[in-house]
S.K.: 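Pasting a structure below so you can have a look.
Reminder, nothing fancy here: chain letters follow the sequence lines and each chain counts from 1.
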There are 2 protein chains.
Amino acid sequence: METADRLFYEAGYEHTSFGSIAEAVGLSRGNFYHHFKAKDDILTAVVERRTEQTRAMLAAWAAATPAPRARLAQFAQMMQRNSAAIRQHGCPVGTLCTELAKLEHPAQAHANGLFRLFRDWLAEQFAALGFAPPDAERHAMHLLARSQGIATLAQAFDDHTFIDTEVAALQQWLRGLRPPRTTP
Amino acid sequence: METADRLFYEAGYEHTSFGSIAEAVGLSRGNFYHHFKAKDDILTAVVERRTEQTRAMLAAWAAATPAPRARLAQFAQMMQRNSAAIRQHGCPVGTLCTELAKLEHPAQAHANGLFRLFRDWLAEQFAALGFAPPDAERHAMHLLARSQGIATLAQAFDDHTFIDTEVAALQQWLRGLRPPRTTP
DNA sequence: GTCTATAGATTGATAGAC
DNA sequence: GTCTATCAATCTATAGAC
């Protein structure tokens with residue numbers, strides 16, 4: 001599953017054949033079908049696995065960083081940590097969801113759940129900063145969209161300074177963001 | 001070529017078979033090979049065609065709109081005009097470049113030229129607003145990235161209000177953007 | 001659990017008749 | 001220019017021996 005995840009990310013889901021995954025883990029195709037009945041099943045398992053890993057990562061961020069503003073900053077920094085991979089293969093979530101949409105694949109909604117995971121977690125942080133639910137969600141979607149755009153262009157232009165520049169702009173936006181005064 | 005362009009956009013390049021294009025235009029596969037020697041040749045032709053159309057579109061915008069700030073606004077409005085298609089299939093440029101990158105396709109650089117076309121045109125407008133070349137290009141990349149992120153998330157969440165909200169935010173950013181004072 | 005063998009379908013591409 | 005026929009490769013999936 002780890003290998004399948006990597007291959008799907010690097011070469012795309014459709015372009016990654018059943019046999020190439022089996023070969024990469026040193027199994028025959030026949031044996032591989034013993035573990036996964038169909039190719040779609042691997043995709044389901046990979047998305048499931050990513051969902052769990054994402055949940056764990058967000059929980060770890062929340063545990064390590066109490067302040068909501070610092071948590072949001074941590075999300076932005078993720079792009080710098082994964083800079084090399086993003087420039088080569090884009091965002092793992094964005095590129096997968098985009099591909100599945102083109103294929104009209106049944107697992108589309110499942111994969112989109114990864115986006116919802118991030119959106120909801122980000123919205124929680126904005127809410128903790130004092131934003132009302134609709135504003136918190138709007139900011140979460142904005143931050144998520146910014147990150148997607150950064151990943152797409154960083155890959156197309158293979159620019160190693162672009163991610164840094166844009167993340168810095170994001171951090172500045174986060175620092176300057178002030179929730180509306182709450183009327184007591 | 002028009003049909004191929006549409007099919008590549010809707011279903012992706014690899015997922016669109018040679019035969020399906022031939023069938024869509026009412027030709028046999030054999031006859032289609034008379035016009036295009038290989039599948040990659042259609043892709044090249046499609047990118048070429050899009051490049052020319054994009055050039056023409058940008059020139060038309062420049063001709064119809066003299067003020068650089070209004071030209072930038074026109075770029076942002078494009079996403080609202082194509083809202084339905086974007087929500088279904090994403091950005092035609094972004095999704096194609098992303099797919100070709102995963103396939104390690106030779107036409108990758110060619111397709112990325114579409115992004116460069118937009119970036120350079122946008123940078124020209126920012127330069128006309130009074131920004132120095134590095135700042136103009138930075139703003140161009142920023143605007144392009146924002147548009148890509150909006151397209152990706154609008155598709156994943158199939159949200160028809162999201163594009164409007166984000167484009168409004170872009171327009172506000174453009175309106176408030178002031179070039180640095182030039183020292184005489 | 002692991003393998004080989006193979007079915008069945010699709011696809012990219014070619015050959016050659018008309 | 002257009003077609004049918006066909007090749008060769010690839011890929012998903014199954015069957016069955018060990």
S.K.: Does a nitrogen or oxygen in the side chain of B/Asn31 sit under 4.0 Å from OP1 or OP2 of D/dG1?
M.R.: no
S.K.: A/Arg29 side chain: which of C/dA13, C/dT6, C/dT2 is closest?
M.R.: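 Shortest atom-to-atom distance from the side chain points to C/dT6.
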S.K.: Whole angstrom is fine here: how far is it from NE2 in A/His34 over to P in C/dT4?
M.R.: 16 Å
S.K.: Rounded to whole angstrom units, what separation is found between the CD atom of A/Glu23 and the P atom of D/dT10?
M.R.: 12 Å
S.K.: Identify whether any heavy atom of A/Tyr33 sits under 4.0 Å from a base atom; if not, whether one sits that close to sugar-phosphate; answer base, sugar-phosphate or nothing.
M.R.: base
S.K.: Take atom CZ of A/Phe36 and atom P of C/dG1, then tell me their distance rounded to the nearest Å.
M.R.: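 These atoms are roughly 12 Å apart.
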S.K.: With a 6.0 Å cut-off on the ring centroids, do A/Tyr33 and A/Phe18 count as close?
M.R.: yes
S.K.: In sequence, state the C-alpha distance, the side-chain angles, and the governing distance for A/Glu52 and A/Arg55, and then conclude on salt bridge (charged side-chain N to carboxylate O under 4.0 Å, His left out).
M.R.: CA-CA 5 Å; A/Glu52 281 318 304; A/Arg55 260 193 242 278; 3.5 Å; yes
S.K.: Quick check on salt bridge (charged side-chain N to carboxylate O under 4.0 Å, His left out): which of A/Asp164, A/Asp159, A/Asp158 does A/Arg87 satisfy it with?
M.R.: A/Asp158
S.K.: Check every strand shown and say whether A/Ser28 touches a base, only sugar-phosphate, or nothing at a heavy-atom separation below 4.0 Å.
M.R.: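 Counting heavy atoms under 4.0 Å across all strands, the contact made by A/Ser28 includes a base.
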S.K.: In terms of side-chain heavy atoms, does B/Arg138 have a donor or acceptor partner in B/His142 at a distance below 3.5 Å?
M.R.: no
S.K.: Rounded to whole Å, how long is the line connecting atom CG of B/Asp41 with atom C1' of C/dG12?
M.R.: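 These atoms are roughly 12 Å apart.
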S.K.: In whole angstrom, give the distance that lies between atom NZ of A/Lys39 and atom P of C/dT10.
M.R.: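 After rounding, the reported distance stands at 16 Å.
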S.K.: For A/Lys37 and for B/Phe32, find the nucleotide of DNA chain D with the closest heavy atom, then tell me which residue's nucleotide is more 5'.
M.R.: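 Whichever sits nearer the 5' end wins; that is B/Phe32.
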S.K.: Counting just side-chain N and O atoms, does A/His35 come under 4.0 Å of either OP1 or OP2 of C/dT2?
M.R.: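 Checking A/His35 against C/dT2: at least one side-chain N or O falls below 4.0 Å of OP1 or OP2.
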S.K.: What is the separation between atom CG on B/Leu43 and atom P on C/dG12, rounded to the nearest whole Å?
M.R.: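 In whole Å, C/dG12 P and B/Leu43 CG are 13 Å from each other.
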S.K.: Taking the side chain of A/Phe18 as heavy atoms from C-beta outward, which of D/dC3, C/dG1, D/dA13 is closest to it?
M.R.: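 Output: D/dA13.
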